[in-house]
Amino acid sequence: MRVHVADHPLITHKLTVLRDRTTPSPTFRALTEELVTLLAYEATRNVSVEPITIQTPVAETQGLALSEPRPLVVPILRAGLGMLEGMVKLVPSAEVGFLGMVRNEETLEPTTYAERLPDDLSDRQCFVLDPMLATGGSLSAAIKFLFDRGAQDVTAICLLAAPEGVAALEKATEGRDVTLVLGALDERLNEKGYIVPGLGDAGDRLYGLV
Ligand SMILES: O=P(O)(O)OC[C@H]1O[C@H](OP(=O)(O)OP(=O)(O)O)[C@H](O)[C@@H]1O
Ligand SMILES: O=c1cc[nH]c(=O)[nH]1
Ligand SMILES: [Mg+2]
């Protein structure tokens, strides 16, 4: 697994505002989108392209076009939905599939309650969106789901991760082509499975308590 942790003052600045407990939902949502667009730039570094020839008003020239099949973006509901707009802004021609997952806050085990994805993901590059990588249970299950359907490679974009979650994901995806792009790598998980210092519950901060 390749791990890329963003190292840019603008990203750290936006993450700092996101972490602040006084930041209200509308600002939190806007910053989440902006951060994803910045991280998506790195995450799409190896997106599949093919050479094409085009005609400018002045001359013929060579360029690149995204290859078929188009990349598939998969936000993990709920919190990952807050990252979708920021991603498709950068890759407007991507297709979008959905996975709904929720972590049991007692056992920390994830369950999948919704799935809307193509049956066959052969030759697909997939981009999974979830702001939080805590124990790694949710993201490991999501990525396994995509490989089981034939995905070629998977890149996950997370705003924050705990080292425990990165290690668990690495173990769960051994031998697979996985890239992890992070806004920041935090210190640890606390006894409730929350990322420290983290930002709290991303889904609740985006969409309110349920
Ligand atoms: O790495 P893990 O320990 O599995 O925890 C991370 C998961 O927890 C959060 O979702 P949550 O279950 O709170 O659902 P929500 O997005 O609906 O709030 C988060 O968005 C991840 O999906
Ligand atoms: O810190 C955490 C851990 C899991 N899910 C969140 O939203 N935040
Ligand atoms: Mg939540």
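Sequential numbering from 1 along the given sequence is applied to the chain's residues. Values below: all heavy atoms of this structure, side chains included; hydrogens, waters and symmetry mates excluded. Every number for a ligand or one of its atoms is a count from 1 in the order of the listing. Worth saying up front: this structure is predicted, and the values here are computed from it rather than measured.
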Polar contact flag for [X] and ligand 1 (N/O pairs, less than 3.5 Å):
X      : result
Met132 : no
Arg103 : yes
Leu139 : no

Relative to the heavy atoms of [X], which atoms of ligand 1 are at a distance of less than 4.0 Å?
X      : result
Ser138 : 2 (P), 4 (O), 7 (C), 22 (O)
Arg78  : 15 (P), 16 (O), 17 (O), 18 (O)
Val102 : 12 (O)
Gly203 : 18 (O)
Asp130 : 19 (C), 20 (O), 21 (C), 22 (O)
Ala79  : 16 (O), 20 (O)

Show the nearest heavy-atom pair for residues [X] and [Y], with the distance to one decimal.
X      : Y      : answer
Met132 : Ala202 : CG-CB, 3.6 Å
Leu18  : Arg205 : O-NH1, 2.9 Å
Leu15  : Ala184 : CD1-CB, 3.8 Å

Look at ligand 1 and say whether Gly136 reaches it with a heavy atom at a distance under 4.0 Å.
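Yes, Gly136 has heavy atoms under 4.0 Å from ligand 1.
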Under 4.0 Å, counting heavy atoms only: does [X] come that close to any atom of ligand 2?
X      : answer
Ala162 : no
Gly193 : yes
Arg103 : yes

Right, does atom 21 (C) of ligand 1 have protein non-hydrogen atoms nearer than 4.0 Å?
yes
Please indicate, with yes or no, if any protein heavy atom is found under 4.0 Å from atom 2 (P) of ligand 1?
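Flag for atom 2 (P) of ligand 1 set to true, protein heavy atom closer than 4.0 Å.
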Suppose we screen for side-chain hydrogen bond (donor to acceptor under 3.5 Å, both in side chains). Which residues come up paired with Glu187, at least two apart in sequence or across chains?
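Checked Glu187 against side-chain hydrogen bond (donor to acceptor under 3.5 Å, both in side chains); zero matches.
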Is it the case that Arg19 places NZ or CZ above or below the six-membered ring of Phe28, under 6.0 angstrom from the centre and within 45 degrees of the axis?
no
Taking the six-membered ring of Phe147, is NZ or CZ of Arg176 closer than 6.0 Å to its centre and within 45° of its axis?
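Yes, Arg176 and Phe147 form such a contact.
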Distance check below 2.8 Å: does Asp204 bring an N, O or S atom to the Mg ion (ligand 3)?
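Short answer: no, not a single N, O or S atom is under the cut-off.
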Can you sort out which atoms of ligand 2 are near Met132, meaning under 4.0 Å from one of its heavy atoms?
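Contacts of ligand 2 toward Met132, numbered from 1: 1 (O), 2 (C), 6 (C), 7 (O), 8 (N).
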Distance under 4.0 Å to a non-hydrogen atom of Ala134: what atoms of ligand 2 satisfy this?
3 (C), 4 (C)
Protein contact of [atom] - nearest heavy atom, named by residue and atom, plus distance:
atom                    : answer
atom 14 (O) of ligand 1 : Met101 O, 3.8 Å
atom 8 (N) of ligand 2  : Gly200 O, 2.8 Å
atom 1 (O) of ligand 2  : Ile195 N, 2.9 Å

Please examine the side chains of Leu66 and Ser93, heavy atoms only from C-beta on, and report whether any two atoms are closer than 4.5 Å.
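Side chain of Ser93 against side chain of Leu66, heavy atoms only: contact under 4.5 Å found.
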Side-chain contact, heavy-atom cut-off 4.5 Å: Leu129 with Val74?
no
For ligand 2, which is the ligand I care about here, please tell me if Ala202 has any N or O atom under 3.5 Å from one of the ligand's N or O atoms.
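Ala202 vs ligand 2: N/O contact under 3.5 Å present.
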Taking 4.0 Å as the limit for heavy-atom contacts, which would you say applies to Asp201 with ligand 1: side chain only, backbone only, both, or neither?
side chain
Roughly how far apart are [X] [atom1] and [Y] [atom2], rounded to 0.5 Å?
X      : Y      : atom1 : atom2 : result
Leu39  : Leu182 : CG    : CG    : 8.5 Å
Asp204 : Tyr207 : CG    : OH    : 12.0 Å
Cys126 : Arg149 : SG    : CZ    : 11.0 Å
Gln152 : Ser122 : CD    : OG    : 10.0 Å

Should Met83 and Glu33 be marked as a side chain to side chain contact (heavy atoms under 4.5 Å, CB included) after you check the CA-CA gap, both sets of side-chain angles, and the distance that decides it?
CA-CA 5 Å; Met83 300 169 76; Glu33 263 191 43; over 6 Å; no
Salt bridge present between Asp148 and Lys144 (N-O < 4.0 angstrom):
yes
